[in-house]
Each structure stands twice: as C-alpha cells, then as structure tokens.
Engineer: 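There's a structure below that I have some questions on.
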Amino acid sequence: MDLYGRRITYLRLSVTDRCNLRCRYCMPLQDFTRLPSEAILTYEEIVRICQILTRLGVKKIRLTGGEPLVRQGIMDLIGRLGKIEGIGELCLTTNGVLLKKYAGGLFRAGVRHLNISLDSLRPERFAAVTGRDLFSSVWKSLETVLEMGFSPVKINSVIMKGINDDEIPALAGLTLQHPFEVRFIEFMPIGGKSTWSPEKMMSCREIKERIEEAYGALKPVARSSNAGPANVYGLEGAPGRIGFISPLSNHFCGTCNRLRLTAEGHLRLCLFSDEEINVKEALRKGMTLRELTEFFRQAVRKKPEGYRTGGRRAPSCSRGMSAIGG
Ligand code: SAM
Ligand code: SF4
C-alpha cells in the first residue's frame with residue numbers, strides 16, 4: 001500500500017531495451033544507445049525481485065521491453081516466473097513479430113493475457129511506422145493466438161493525427177469479426193527525442209467520435225476490478241471490445257496500482273517521473289531477503305500522488321518508452 005491508500009499489485013517488467021522494430025513514436029532513429037548486457041538484470045535477479053514483490057502483494061506481472069521476445073532465453077525466464085506462487089496473472093506486451101514462434105511455449109508457461117501493438121492494418125504504412133516490413137508476421141501471430149485460446153488478446157494502437165487516424169474505423173471494426181479488445185492509446189511525449197507534438201496528438205474523445213460516426217453509439221461495458229486504465233465499450237453484436245487509454249486528456253493517477261522495473265533494474269514509480277530507485281545496486285550489494293523486502297516497502301512509499309507537468313502542456317519524461325516498457 002502506498003502513502004495514498006493505493007494497493008500496488010501490478011509490476012511492469014521490462015526485460016530488454018532492444019527491439020526488432022523502430023516505431024517512430026517510441027525509438028529515436030539516431031543517437032539510440034543500447035545497454036551493454038552486463039548492465040541489465042540477469043534472470044536470477046529478475047526472479048528474486050518478482051518473488052519478493054509477490055510476497056508483498058503484487059499479483060500481476062507483465063513482461064515488456066523493448067521487445068521482450070528478442071531477449072535470449074526469454075522462455076526460460078517466463079517458465080520460472082510462471083512457477084512463482086502468488087502470481088495470479090502473467091502477461092506479455094509484444095509487437096507480435098516473433099509471437100507465432102513462441103506462442104506454444106507461452107501457453108504452456110501459463111501466459112494467457114497478451115497485448116499486441118498494431119497501429120496500422122496496411123502493410124506499407126505498418127512498414128513506414130515501425131521501420132520494418134513485417135505486417136504479415138504480426139497478423140499471422142494474431143490469428144495463431146486466437147486459435148490457441150489466449151484470452152484476452154488486446155491490440156494496442158497509438159493514434160497519431162495525420163499518420164494513422166484515418167484507420168480508426170478499420171481498427172475498431174476488427175472487433176466486429178474477432179474477439180480482440182482494440183485499445184486506442186493517446187500518443188504521449190515520452191523520451192527526450194520524442195517525435196510528439198500537440199498537433200499529432202489525438203484525444204480519446206476525438207477517437208471515440210470517429211468510431212461513433214462510422215458505427216453509431218458505443219455501449220459502455222461493465223469494468224472488472226482489474227480492468228486497468230482503459231474505458232471499455234462494445235459495438236452492437238461485436239464479439240470484441242474497444243478500449244480507450246487517455247493518459248493525457250484524462251489521467252488515472254488516483255487508481256494507479258503499478259510499479260515499473262526497467263531492464264537495467266531501476267524502479268520507476270510513475271511513468272512520467274524521471275525519479276528512479278536503483279534495485280540492481282541493492283541486489284548486487286548483497287542485501288539479505290529481509291533488507292530487500294524493507295527496501296521495496298520504502299520504495300513504494302515514494303510513489304507520487306500524481307504526475308506534475310512542470311509547466312509543459314503535457315506530462316513527459318526524458319527516457320524513451322522502449323527503455324521504460326510502456
Ligand atoms: N515492444 C512491445 C510492444 O510494442 O508492444 C512492448 C514495449 S512498447 C514500449 C509498449 C507499448 O508502449 C506499446 O503498446 C507501444 O505502442 C506503446 N508506446 C510506445 N511509445 C509510445 C508513445 N510515445 N505514446 C503512447 N504509447 C507508446
Ligand atoms: Fe519496439 Fe515496442 Fe517500441 Fe515499437 S513500441 S519500437 S515494437 S519497443
């Protein structure tokens with residue numbers, strides 16, 4: 001529990017800062033530095049942290065990155081995390097490029113919740129946004145995981161005005177044919193070299209209006225207690241759902257239940273705050289289990305009540321999203 005009465009039950013675990021795509025809103029094309037492998041947490045260190053945090057009340061762990069599936073031996077880590085007692089949900093956020101290959105292993109390890117990023121249904125545009133011509137690999141992964149019974153399968157789409165906003169109806173329309181939850185995410189100014197500008201940002205209110213122009217009024221869907229920050233709706237008769245994540249136009253700090261751990265082992269208590277706590281150093285100093293447990297208890301007390309914009313028009317932070325994990 002933090003100082004504001006929020007129960008911290010969710011850890012976003014970035015396992016690498018590397019990626020096989022170069023999404024223009026996430027990774028700067030130039031001056032992009034990778035962490036050397038000795039700088040990132042080992043699998044032993046990650047498992048130890050997750051064991052301590054689950055004993056302290058974390059129930060959901062999401063692997064993210066960079067692209068989590070590019071880290072060598074990732075299935076070994078996922079298998080070990082799947083065996084930790086107390087983890088109710090082990091989830092993965094991925095760009096989907098390698099997902100078809102790993103889907104069987106993930107299912108066996110107990111992963112059921114998948115978030116897959118997809119900002120365009122047009123192969124040429126997908127290549128322009130991500131820097132790689134790999135739309136068909138992602139689409140095949142989506143078909144495979146639905147067939148295998150993963151659920152929920154959520155599609156994360158970042159909408160950028162003038163870049164992919166004309167595809168809002170088509171992306172929402174996926175929910176008419178498939179049981180996906182398509183989640184529209186506001187473009188955020190993350191990272192010192194972000195390509196964000198206020199003109200490119202489209203609010204969830206505007207996105208929702210575009211969908212309603214195309215399909216009629218959206219019906220709200222009852223939220224489950226662990227629904228996260230998305231407001232969820234459905235189209236008439238659709239097997240899927242449509243979600244909206246609006247960190248800029250309507251922030252959700254009051255119900256924030258999450259911690260983030262970067263690949264190099266820094267705990268971030270708020271996405272938009274550059275303040276980090278160095279867990280790797282504490283681990284490598286040889287702290288005992290009792291000391292580490294106290295270390296995390298104290299760290300959670302530092303979680304801010306909400307983010308401050310520091311006079312800017314939108315909250316931002318200097319680290320890029322690929323280094324934080326989303
Ligand atoms: N590589 C994986 C993927 O793309 O799903 C996991 C890491 S990625 C950093 C996690 C999420 O952050 C993705 O859904 C991505 O779309 C989102 N993201 C990255 N940069 C963003 C930005 N500037 N604004 C909003 N969402 C962003
Ligand atoms: Fe890679 Fe994901 Fe960032 Fe795209 S959003 S560059 S897939 S980490």
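Atoms considered below: every heavy atom in the structure, side chains included; atoms not considered: hydrogens, waters and symmetry mates. Atoms within a ligand are numbered from 1 in the order they appear, just like the ligands themselves.
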Engineer: Got a donor-acceptor contact below 3.5 angstrom from the Arg132 side chain to the Cys23 backbone?
Structural biologist: no

Engineer: Counting neighbours of CD on Glu275 that are heavy atoms of other residues, nucleotides or ligands and sit closer than 6.0 Å, is the number greater than 12?
Structural biologist: no

Engineer: Closer than 4.0 angstrom: is that true for some heavy atom of Ser157 and an atom of ligand 1?
Structural biologist: no

Engineer: Does only the side chain of Thr93 get under 4.0 Å from ligand 1, or the backbone, or both, or neither? Count heavy atoms.
Structural biologist: both

Engineer: Looking only at heavy atoms, is any part of Asn115 under 4.0 Å from ligand 1, and if so is it the side chain, the backbone, or both, or is it neither?
Structural biologist: neither

Engineer: Please work out whether the ring planes of Phe135 and Trp139 are parallel, tilted or perpendicular, with thresholds of 30° and 60°.
Structural biologist: parallel

Engineer: Should we count CZ of Arg284 as having more than 12 external heavy atoms under 6.0 Å?
Structural biologist: yes

Engineer: Could you tell me, atom by atom, which parts of ligand 1 come under 4.0 Å of a heavy atom of Glu67?
Structural biologist: 1 (N), 2 (C)

Engineer: For Thr64, counting its heavy atoms only, list the atoms of ligand 1 lying under 4.0 Å from any of them.
Structural biologist: 6 (C), 7 (C)

Engineer: Which protein N, O or S atoms does atom 1 (Fe) of ligand 2 have within a distance shorter than 2.8 Å?
Structural biologist: Cys19 SG

Engineer: Run down the list Ser14, Pro68, Gly66, Pro189 and name the one with the heavy atom closest to atom 1 (N) of ligand 1.
Structural biologist: Gly66

Engineer: Answer yes if the side chains of Arg183 and Asn156 hold a donor-acceptor pair under 3.5 Å, and no otherwise.
Structural biologist: yes

